[in-house]
Each structure stands twice: as C-alpha cells, then as structure tokens.
Number of protein chains: 2
Amino acid sequence: MMSNSTDAYQQHDHHRCLKTALAQAKNRCIARKARLTPIRESVLHLLWQSHRPLGAYKIIDQLSEETGKRVLPPTVYRALDFLLELGLIHRLATLNAYIGCPFPDSAHSDCFLLCRECGSVAECSTANVNKSIASTAEQAGFLVESQTVEILGLCTPCQEKMPQPNKAKPIKPEADE
Amino acid sequence: MMSNSTDAYQQHDHHRCLKTALAQAKNRCIARKARLTPIRESVLHLLWQSHRPLGAYKIIDQLSEETGKRVLPPTVYRALDFLLELGLIHRLATLNAYIGCPFPDSAHSDCFLLCRECGSVAECSTANVNKSIASTAEQAGFLVESQTVEILGLCTPCQEKMPQPNKAKPIKPEADE
DNA sequence: GAATAAGTGTAATAATATAACAATCTTTAC
DNA sequence: GTAAAGATTGTTATATTATTACACTTATTC
Ligand SMILES: [Zn+2]
Ligand SMILES: [Zn+2]
Ligand SMILES: [Zn+2]
Ligand SMILES: [Zn+2]
C-alpha cells in the first residue's frame, strides 16, 4: 500500500514534500507539454503549504494577499482545473476542497483519509479497496470508470489526544470565547 | 451483498419501491418518535419518484409546483436534514444531490453506483468494501468513523446501449441542436 | 512578423447551502 | 382546558462554491 499517512499527520520535513511536489509537477508539465505558469505554480504551492486541503475561496484570498491585487474566482478555478487535469491535485468531494497529490506519477485510484480533528488528509493507493470495489460493481453488472473514496475519522495523533473511548466525554473546561 | 441494482437500472415495479420506502419511513419515525410531517413526506416522495438523485433546488422547484406556492430553501433543507438524520435518504457528495435509501432498516455503510449515462444510482452494502477500507485505514493508523464511496460508471443496460469497446467511437449522426 | 493558440482579466451570474428570527402548530404538564 | 414548552414552518437575507461570456494579453507556430 502506498500512503503518505506518516507524513501527513505528524511532524516531518514538510519542506521536502513541497520540493518534491513542485519538482514532480515540473516534470509532468514537460512530459505533457503543458505550461506551469506563475499562477498555476502559486496555486500548487499554496495547496502544498500543508497536508490540509484548501477551499477554492481560501486560495483566492491567500493569492490575493500574496500578490497584493484582487484575484478573481475564474483565475483560481482555471488553475485548479489545469492541476486536476494533470493529476497534480485532487478535489475532495465531501469537503469541496483541494489538496496536492503526493503520487502524481503513479497511476492510482484515490482513497483519502480525512482527519476530522486536525483537518489533515492522507492519500492511499490500495489494491484491496480497488479490488473490492471492482468486485462489488461486477456483481451488480456495473462498469467502473472512476471512484471516490473518502474516509472520515481520526488520525493516530488525534486519536491519542482524544478522550478515551468507553469513558464519558469530559466536559471541556475551556470557555468557548 | 445487499443491492438494489437490478431495480435501479431496469424496468421494474417502481410503485412498490415507493410504497415500501414510505412504509419503512413511517415505521422508522414511529420507532424514533419523530414526525413525518407533510413537507417531509413530500420530499421523501419526490426523492422516490425514480432512482435518480435530485438536487435540493430541483426539489424546491417540484415542491413549489406541486403545492402552488413558493417553497423556500430552508424548508427543503430542513426536511432533507431530517430525512438524512433518520437514515431515510442519502446525500451524494459527488453530485450534490439526494436519493432515497432502499435499506433504511439495515445498518449499512453506503456504497453507491452512479450511472453517468442514465443518471440512476444503486446502493450496495458490501462487507468486502468495508473490510478493505477498514484494513487500509488500520495500516495507516487511522480510525474510521464514516466513509463515502461513490462509484461512477455505466450500469448494465447503458453498457449495452453504448458503442462497443475497442472500436472507434462512431461519430453521432444526429445534430447537436 | 502575422496568424494562431493558450492563458489571463473582468463582470456577471448560477448553483448549493445556511443563519437568524418570527410565527405557528404540537405536545406536555398542570 | 389551558398555559408553557418544544418542535416545526415561514421569511428575509446572506454565505459558499462554481461557471459563463467576452475582452485582452502573452506565447507559439509558421
Ligand atoms: Zn508534508
Ligand atoms: Zn488528525
Ligand atoms: Zn424502483
Ligand atoms: Zn445507466
């Protein structure tokens, strides 16, 4: 199983994630004779700020701030479409948000682990899930063309931080401000 | 494997689907001491018109037409929330649309087969998919709380209607008008 | 260096969903 | 029965996500 879950949820050398992602993006653009223009690269860069997905309008805001001038929706959506097309990013349907793909070069059906606590998302490539989906579909006489698998729950660090299971949830002492 | 794929994609006694769904809904409401008010029942009824999911605003329009007066978004969204809460319908994240659940009484993780051609959606309950997802998550140290599995492709009838694979797609003779 | 294609700027709007508060209807308790 | 409490609905406004259409600019091709 291919997965970036250890990186995604923990302290790690994220600068390396970013560097790798940008390098892969450049390669892929060359291979596809596509242009990684400044806007597109900025959007990809923003999406690789962390392992937390970003909504399109968050990107718009950040990009506006970065460049000092008002960036409008089509600009960002076009960049997102380009990056999606090239497989450099993914869209998370359950969040209406976008995230950089850590494995753009390997053919992979996407399976995402969304931590509801810290917001980080890991991506897995799993033959098992794909097989079980294929077999389920086959039993129904259904021809699979693409699939969306998004799993919501808690990553390891967040599980450890959470109140113990089977115990009453302690009332949080901090005020809600 | 539990699935309504044979019904969903083919000619069948859909009136029976509808009747069953409404009966199950009523039972469930009684069991949960919840009220299946006229609005809620209408929305459920609309969602069971067919096996094609409906967007919230389609429901608003149809309900407005049905009742002769302008139904507003919160009315429908509240009914949808109620029905979702009771497990009588599901929301399809990839379509932003809603569909009646054929198995509200059985505990099931949802797995949907969305036909891109006819728009019908079948729901499957599959131990295999759940197991493979659970095992994938476990390998990543991830605690699963819920999951979204939406599979896009072609149902059996639509496969048969499609141009043969491995042959060049014939240029459609009909004008686009 | 024109012609073409690709990318970007801009204004407007579509599509989906929620917040906030008032009004009404149901249920419960007395 | 009736008042109080709770649940549901009505209404206005607005938030969030995404697309259309067309003008303009930049890059590529011949
Ligand atoms: Zn990282
Ligand atoms: Zn987490
Ligand atoms: Zn049916
Ligand atoms: Zn079909």
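Here is how names work: the chains are called A, B, and so on, in the same order as the sequence lines, proteins then strands, and each is numbered from 1.
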When all nucleic acid strands are considered with a 4.0 Å heavy-atom cut-off, which category describes Arg70(B): base, sugar-phosphate, or nothing? nothing
Taking the nucleotide of DNA chain D with the closest heavy atom to each, which residue, Arg78(A) or Leu72(B), is nearer the 5' end? Leu72(B)
Any idea which heavy atoms bring Arg91(B) and Leu84(B) closest together, and the distance? N-CD2, 3.6 Å
What contact category does Arg35(B) fall into here, base, sugar-phosphate, or nothing, at under 4.0 angstrom with non-hydrogen atoms? sugar-phosphate
Using whole Å, what does the distance between atom C1' of nucleotide dT16(D) and atom OH of Tyr77(A) come to? 8 Å
Here's a test for you: under side-chain contact (heavy atoms from CB on, under 4.5 Å), which of His14(A), Lys19(A), His15(A) qualifies with Trp48(A)? His14(A)
Tell me what Phe82(B) touches on the nucleic acid: a base, only sugar-phosphate, or nothing, going by heavy atoms under 4.0 Å. nothing
Ring-on-base stacking dT16(C) with Tyr57(B) (under 5.5 Å, under 30°): yes
Under a 4.0 Å threshold between the charged nitrogen and the carboxylate oxygen, would Arg116(B) count as salt-bridged to Glu145(A)? yes
Quick check on dG9(C): is either OP1 or OP2 less than 4.0 Å from any side-chain nitrogen or oxygen of Thr75(A)? yes
From the candidates dT12(D), dT19(D), dT17(D), the one with an atom nearest any side-chain atom of Arg91(A) is dT17(D)
In this structure, how many angstroms lie between the C1' atom of dA7(D) and the CG atom of Leu36(B), rounded? 15 Å
All heavy atoms of Gly141(A) vs all of Gln159(B), minimum pair found to be O-NE2, 2.8 Å
Side-chain N or O of Thr37(B) less than 4.0 angstrom from OP1 or OP2 on dT9(D)? yes
Write down the distance between CG (Leu54(B)) and P (dT16(C)), rounded to a whole number of angstrom. 11 Å
For Lys33(B) and dT27(C), give me the distance from atom NZ to atom P, rounded to whole Å. 13 Å
Whole-Å gap separating P (dG7(C)) and CG (Asp81(A)): 12 Å
Report the distance from atom CG of Asp61(B) to atom P of dA17(C), rounded to the nearest whole Å. 14 Å
Evaluate the side chain to side chain contact (heavy atoms under 4.5 Å, CB included) criterion for residues Thr94(B) and Leu152(B): first the C-alpha distance (whole Å), next the side-chain angles of each, then the deciding distance (0.1 Å), finally the verdict. CA-CA 9 Å; Thr94(B) 56; Leu152(B) 189 69; over 6 Å; no
When you check the phosphate oxygens OP1 and OP2 of dT8(D), does a side-chain N or O of Arg40(B) lie under 4.0 Å from one of them? yes
Please state how far atom CD1 in Ile39(A) lies from atom P in dC24(D), giving the value in whole angstrom units. 18 Å
Integer-rounded Å distance: dG7(C) P and Leu80(A) CG: 15 Å
